[in-house]
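Below is one structure, written out as structure tokens; the observations come after it.
Letters go in sequence order (proteins before strands), and every chain restarts at 1. Quick caveat, the model's predicted, so the values are computed rather than measured.
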There are 2 protein chains.
Amino acid sequence: MKHKTFENMQCPLARGLERVGDWWNILILRDAFYGLKRFDEFQESLGIATSTLTRRLDDMVASGMLERRLYCERPPRHEYVVTDLARDFRPVMLAMLAWGNRHFAPEGRSVELTDADTGVALDPIVVDRTTGRPLTRVKVVAGPAAGDALRRRFARMDRVA
Amino acid sequence: MKHKTFENMQCPLARGLERVGDWWNILILRDAFYGLKRFDEFQESLGIATSTLTRRLDDMVASGMLERRLYCERPPRHEYVVTDLARDFRPVMLAMLAWGNRHFAPEGRSVELTDADTGVALDPIVVDRTTGRPLTRVKVVAGPAAGDALRRRFARMDRVA
DNA sequence: CGACTCACTTGCATTATGAAAGTTAATTTG
DNA sequence: CAAATTAACTTTCATAATGCAAGTGAGTCG
């Protein structure tokens, strides 16, 4: 894309996509959660072009998803570590992974999630925080900070998908 | 990207990104859930170039996220409707939206989620299906269908992110 | 001194996207 | 019945993103 920015959009989904709307960004994040930190580690793991990796890492540092840290003074060596913002996104990634497991693993699961302490298998689902019930029949409505344009949008598309 | 495919990768996250790894695809999906169906509706709502919209819609139809249906014989008119596969992805999108609301709405929420029947506010979180507990200390491990390459990967990166 | 490592940068070719205009079939308007 | 309109594109051209390969520079190791 021609560096179109969604920051001006009010939609929180669009604003989020500013940070994670690129597959490379998500795969980098996946590897960062696995524990990868260094430029070369990401490069080898992902098979990404170095020029692209430089851009993607810079983007993610700029958008607050990664922090670039000097972990060795001499010689100067950097590592990229996930921020709190990125850590808060991890459950979303795990839900996405579970979706992939449900639909795109015809030959069986090659990846599974377990509790790090007990080893018990985990199956991520999305529920409402207070009721604990799965999200069915959700309606998206304008919030208090919605502008006129967005309100008109919702007025036109009053629908439960 | 030079149409690199992640289909050959075993990672279910990468395979999922094949379908939703593009921001346009996710925004099209968002609008489809809002009830938009026709080419022009998407075009106007998203401000996307028509040539790009054609490609994105074709992609999403090919990958099973949308179904192209003839809803009028004469004149021939088509609509794009979400498939079951896409509907199953919706909770993930809602979790992503909630993440956006938490972090990228400094001026307050412009979008909120409610129960379509009761109108009560909803707050999507990701939990384990059986315990109902939030996903903390999750470990990603090789599943039964994992190949050697993937197993070696996990052996090297034995870590709880 | 030379080889090696990390973290890039540069150059060139290919692909994706944007913007704007044109196309086609059918329907509505005057 | 000609003219305008609508839906759903296609085409063209310029720009931006990405891949691939090679090179760079600082510092360390032997």
> Looking only at N and O atoms, is any donor in the side chain of T50(B) or the base of dT10(D) less than 3.5 Å from an acceptor on the other one?
Replying inline: yes

>> Output the rounded distance in Å from CG (L36(B)) to C1' (dA8(D)).
In response: 16 Å

>> Any side-chain N or O of T52(B) below 4.0 angstrom from OP1/OP2 of dG18(C)?
In response: yes

>> What is the distance, to the nearest angstrom, from the CD atom on Q43(A) to the P atom on dC8(C)?
In response: 12 Å

> Atom NE2 of H78(A) and atom C1' of dT5(C): how far apart are they, to the nearest Å?
Replying inline: 14 Å

> With the threshold set at 4.0 Å, does a side-chain nitrogen-carboxylate oxygen contact exist between D117(B) and R137(A)?
Replying inline: yes

> Among dC8(C), dG19(D), dT17(C), which is the nearest nucleotide to the side chain of T54(A)?
Replying inline: dC8(C)

> Can you check the L53(A) CG to dT18(D) C1' distance for me, whole Å?
Replying inline: 13 Å

>> Whole angstroms only, please: what is the CG-P distance between L27(A) and dT18(D)?
In response: 13 Å

> Rounded to the nearest Å, what distance is computed from the CG atom of residue N25(A) to the C1' atom of nucleotide dA17(D)?
Replying inline: 13 Å

> Using 4.0 Å as the upper bound for N to carboxylate O, is an ion pair formed by R38(A) and E79(A)?
Replying inline: no

> Does any N or O in the side chain of T83(A) come within less than 3.5 Å of the main-chain N or O of G64(A), such that one atom is a donor and the other an acceptor?
Replying inline: yes

> Looking at the side chain of R38(A), which of dC6(C), dA7(D), dT17(C) is the nearest nucleotide?
Replying inline: dC6(C)

>> Taking any heavy-atom pair under 4.0 Å as a contact, classify R55(A): base, sugar-phosphate, or nothing.
In response: base

>> Salt bridge or not between E107(A) and R15(B)? Use side-chain N to carboxylate O under 4.0 Å.
In response: yes

> Does R56(A) make a side-chain N or O approach to OP1 or OP2 of dA17(D) shorter than 4.0 Å?
Replying inline: no

> Nearest to the side chain of I48(B) - dC9(D), dG18(C), dC6(C)?
Replying inline: dG18(C)

>> Counting only side-chain heavy atoms from C-beta out, which of dA7(D), dA19(C), dA7(C) sits nearest to A49(B)?
In response: dA19(C)

>> Can you tell me if W24(B) touches the phosphate of dG18(C), counting only side-chain N or O atoms and a distance under 4.0 Å to OP1 or OP2?
In response: yes

> Has the side chain of S51(B) got a donor or acceptor atom sitting under 3.5 Å from an opposite partner on the base of dC9(D)?
Replying inline: no

> Could you give the CG-to-P distance, from L57(B) to dT17(C), as a whole number of Å?
Replying inline: 13 Å

> D59(A) has an atom CG; how far is it from atom C1' of dA16(D), in whole Å?
Replying inline: 13 Å

> Nearest of dA21(D), dA8(D), dA7(C) to any side-chain atom of D40(B)?
Replying inline: dA8(D)

>> Under 4.0 Å, counting only non-hydrogen atoms across every strand here, what does Y80(B) touch: a base, just sugar-phosphate, or nothing?
In response: sugar-phosphate

> Between the side chain of R19(B) and the main-chain N/O of M65(B), is any donor-acceptor distance below 3.5 Å?
Replying inline: no

